[in-house]
Amino acid sequence: MEERTGSAAETEAFGERLAAELGPGDVVLVSGELGAGKTTLIRGACRALGVTEPVTSPTFTIGQRYSGRVPVSHLDLYRLADLDQEDPALLEDYLTGDAVAFVEWPDAAEPELDRVTMRIELRHAGGDARELILHR
Ligand code: ADP
Ligand code: MG
């Protein structure tokens, strides 16, 4: 499925709609270049899942946990991309069966992920336009 958004608010709204399909144990991979809107989309999904705290890309850790109506994990594996030998247990704190998990820059971790609910790819499409490709 493909969709075009013309603003950050529209990308957030797309995330909100996706959240309706998500529940405990679901893992959503979100890829795309820097500034493509990964965190923006995840922010919308988190709002819809009842998260009220600020949703920003984790900077000094690989992830954070939010509490919404369900626990929500948000990972950003940007810096993991060039690390070959990472402790697989690193992800375990976040990918728990009770939580919905969103993973930015998932490439490094993807081989370790046994349950992936959906993949979303975001692309710059000129100015504030973005192309969102959803694989279920
Ligand atoms: P990423 O997590 O992919 O690096 P962010 O979501 O942090 O990207 O940042 C996206 C930036 O692009 C934000 O500053 C946002 O306001 C801006 N933006 C402009 N148009 C869009 C759009 N259509 N969708 C998402 N973000 C947009
Ligand atoms: Mg981000």
Side-chain angles (χ1 to χ4, degrees):
M1 179 201 154
E2 283 190 34
E3 176 132 343
R4 239 179 133 80
T5 64
S7 67
E10 281 180 26
T11 297
E12 268 195 50
F14 182 88
E16 282 174 33
R17 291 197 298 278
L18 282 184
E21 301 179 26
L22 300 173
D26 283 330
V27 176
V28 179
L29 308 188
V30 186
S31 57
E33 289 170 15
L34 215 59
K38 300 180 294 298
T39 301
T40 300
L41 185 149
I42 292 167
R43 183 176 301 122
C46 286
R47 290 288 172 258
L49 290 166
V51 174
T52 54
E53 57 203 285
V55 173
T56 54
S57 259
T59 310
F60 299 109
T61 59
I62 65 156
Q64 47 208 30
R65 300 264 293 188
Y66 311 116
S67 48
R69 278 187 300 283
V70 291
V72 179
S73 290
H74 178 192
L75 290 116
D76 186 320
L77 306 180
Y78 183 65
R79 280 167 313 278
L80 222 58
D82 32 15
L83 299 178
D84 273 354
Q85 305 297 331
E86 203 52 54
D87 181 359
L90 195 63
L91 303 175
E92 277 172 16
D93 290 345
Y94 299 99
L95 303 177
T96 53
D98 60 338
V100 176
F102 297 95
V103 187
E104 298 188 43
W105 300 100
D107 291 9
E110 199 163 351
E112 312 288 334
L113 303 174
D114 35 352
R115 45 193 166 86
V116 173
T117 310
M118 54 176 88
R119 292 178 169 77
I120 305 158
E121 194 188 327
L122 293 99
R123 294 189 189 147
H124 290 277
D128 284 351
R130 303 289 190 276
E131 204 175 87
L132 280 50
I133 301 142
L134 172 65
H135 307 273
R136 279 195 179 78

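Whatever order the structure lists ligands and atoms in, that order sets their numbers, starting from 1. Just so you know, these numbers use all the heavy atoms, side chains as well, and skip hydrogens, waters and symmetry mates.
In this structure, T11 OG1 and I42 CD1 are separated by 12.0 Å, a value rounded to the nearest 0.5 Å. How far CE of M1 is from CD1 of I133: 11.0 Å, rounded to the nearest 0.5 Å. Distance CG/L49 to OG/S67: 12.0 Å, rounded to 0.5 Å. Rounded to the nearest 0.5 angstrom, E21 CD and L134 CG are separated by 7.0 Å. Put simply, OG on S31 and CZ on R123 are 9.0 Å apart, with the number rounded to the nearest 0.5 Å.
Ligand 1 has E104 within reach: a non-hydrogen atom of the residue lies less than 4.0 Å from it. At least one heavy atom of S7 sits under 4.0 Å from some atom of ligand 1.
Annotation: atom 5 (P) of ligand 1 to nearest protein heavy atom, T40 OG1, 3.8 Å. Considering only non-hydrogen protein atoms, atom 24 (N) of ligand 1 sits nearest to T11 OG1, 2.6 Å. In this structure, atom 7 (O) of ligand 1 lies nearest to the protein heavy atom T39 CB, 3.7 Å. Looking only at protein heavy atoms, the nearest one to atom 18 (N) of ligand 1 is R130 NH2, 3.4 Å.
Protein contacts to the Mg ion (ligand 2) involving N, O or S atoms at a distance below 2.8 Å are T39 OG1, S57 OG, E104 OE1.
Here the side chain of Y94 pairs a donor or acceptor atom with the backbone of G63 at under 3.5 angstrom. Although no hydrogens or angles enter the test, the distance criterion places a donor-acceptor pair under 3.5 Å between the side chain of R115 and the main chain of L95. A donor-acceptor pair under 3.5 Å is formed between the side chain of K38 and the backbone N or O of E33. A side-chain donor-acceptor contact under 3.5 Å links T117 to the backbone of V27. R43 places no side-chain N or O within donor-acceptor distance of the main-chain N or O of P54, the cut-off being under 3.5 Å. A donor-acceptor pair under 3.5 Å is formed between the side chain of R130 and the backbone N or O of A36.
Counting heavy atoms closer than 4.0 Å to ligand 1, residue D128 contributes atoms from both its backbone and its side chain. By the criterion of a heavy-atom distance under 4.0 Å, the backbone of E33, and not its side chain, is placed next to ligand 1.
Ligand 1 has no nitrogen or oxygen under 3.5 angstrom from a nitrogen or oxygen of S57. Remark: ligand 1 and A36 share an N or O pair separated by less than 3.5 Å (distance only, no angle test). The shortest N or O to N or O distance between G35 and ligand 1 is below 3.5 Å.
Distances from atom 12 (O) of ligand 1 to the protein include at least one heavy-atom value under 4.0 Å.
The nearest pair of heavy atoms linking L77 to P106 is CD1-CA, 4.5 Å.
Between E121 and R119 there is no salt bridge, since none of the side-chain N atoms of the basic residue sits less than 4.0 Å from a carboxylate O of the acidic one.
For the residues A125, G37, G44, A8, the heavy atom positioned nearest atom 15 (C) of ligand 1 is part of A8.
Counting the atoms of ligand 1 from 1 in the order shown, those under 4.0 Å from a heavy atom of L34 are 4 (O).
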